*Asks:* 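The structure is given below, and queries will be raised subsequently.
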Amino acid sequence: MDTSPKLILTVALALSASTLAPTAWCKDDPAAGAKLYSANCTACHGADRAGMPGAFPALTDIGKRLKPAQIKDKIRNGGGLMPPFSQLSQQEIDDLASYLAK
């Protein structure tokens with residue numbers, strides 16, 4: 001078996017690329033975020049994201065009020081009357097935040 005440094009380096013690079021490739025190619029998907037919004041958020045914030053004054057805030061301009069990281073943190077951890085959505089994957093949270101920020 002050939003254990004030359006060149007072969008070892010080639011194998012190491014191939015393994016690294018295959019491990020990192022899925023995350024490198026993931027992009028935020030607002031369309032997927034819209035579906036997640038429908039399934040998880042409309043009951044409180046409404047289909048039009050207008051909210052319910054005094055109880056649930058409008059999300060129509062949330063991208064102007066909060067940074068993307070703050071939106072993601074609120075989805076993940078909740079706050080006030082909003083429960084945490086810890087069942088969502090990081091990609092789902094990214095997609096939902098992308099939809100909300102547009």
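Not measured: the values here are computed from a predicted model.
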*Asks:* Over 60° means perpendicular and under 30° means parallel, so classify the ring planes of Phe56 and His45, tilted if in between.
*Replies:* perpendicular

*Asks:* Determine yes or no for a side-chain-to-main-chain donor-acceptor pair under 3.5 angstrom, with Asp95 supplying the side chain and Asp29 the backbone.
*Replies:*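 Side chain of Asp95 to backbone of Asp29: a pair is present.
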
*Asks:* For residues Phe85 and Ile93, determine if any side-chain heavy atom of one lies less than 4.5 Å from a side-chain heavy atom of the other.
*Replies:* no

*Asks:* Would you mind listing every salt bridge (charged side-chain N to carboxylate O under 4.0 Å, His left out) that reaches into residues 31-58, with sequence neighbours excluded?
*Replies:*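 The answer is none; no pair qualifies.
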
*Asks:* Distance from Lys102 atom NZ to Ile62 atom CD1, nearest 0.5 Å?
*Replies:* 15.5 Å

*Asks:* To the closest 0.5 Å, what do you measure between SG (Cys44) and CE (Met82)?
*Replies:* 9.0 Å

*Asks:* Check whether the side chains of Gln90 and Arg76 place a donor and an acceptor atom closer than 3.5 Å, and report yes or no.
*Replies:*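 Yes - a donor-acceptor pair under 3.5 Å links their side chains.
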
*Asks:* Which heavy atom of Ala97 sits nearest to which heavy atom of Ile71, and what is that distance?
*Replies:*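 That would be CB-CG2, 3.8 Å.
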
*Asks:* Hey, what do you get for OH (Tyr37) to CG (Leu96), rounding to the nearest 0.5 Å?
*Replies:*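 So the OH of Tyr37 and the CG of Leu96 are separated by 9.0 Å.
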
*Asks:* Side chains of Ile75 and Leu100, heavy atoms from C-beta outward: is any pair under 4.5 Å?
*Replies:*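 Of all side-chain heavy-atom pairs linking Leu100 with Ile75, at least one is under 4.5 Å.
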
*Asks:* Take Asn40 and Gln87, measure what side-chain contact (heavy atoms from CB on, under 4.5 Å) needs, and give me the verdict at the end.
*Replies:* CA-CA 11 Å; Asn40 295 284; Gln87 76 278 12; 3.9 Å; yes

*Asks:* Would you name the heavy atoms of Ala50 and Ala58 that are closest together and state the gap between them?
*Replies:* O-CB, 3.3 Å

*Asks:* Rounded to the nearest 0.5 Å, what separation is found between the CG atom of Asp73 and the CD atom of Gln70?
*Replies:* 8.0 Å

*Asks:* Quick one: NZ on Lys72 to CG on Asn77, what's the gap to the nearest 0.5 Å?
*Replies:*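 These two atoms lie 13.5 Å from each other.
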
*Asks:* Keeping the roles fixed (side chain from Thr42, backbone from Ser38), state whether a donor-acceptor pair exists under 3.5 Å.
*Replies:*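 The answer is yes, because a donor-acceptor pair under 3.5 Å joins these two groups.
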
*Asks:* Supply the atom-to-atom distance Leu66 CG to Leu59 CG, rounded to the nearest 0.5 angstrom.
*Replies:* 9.5 Å

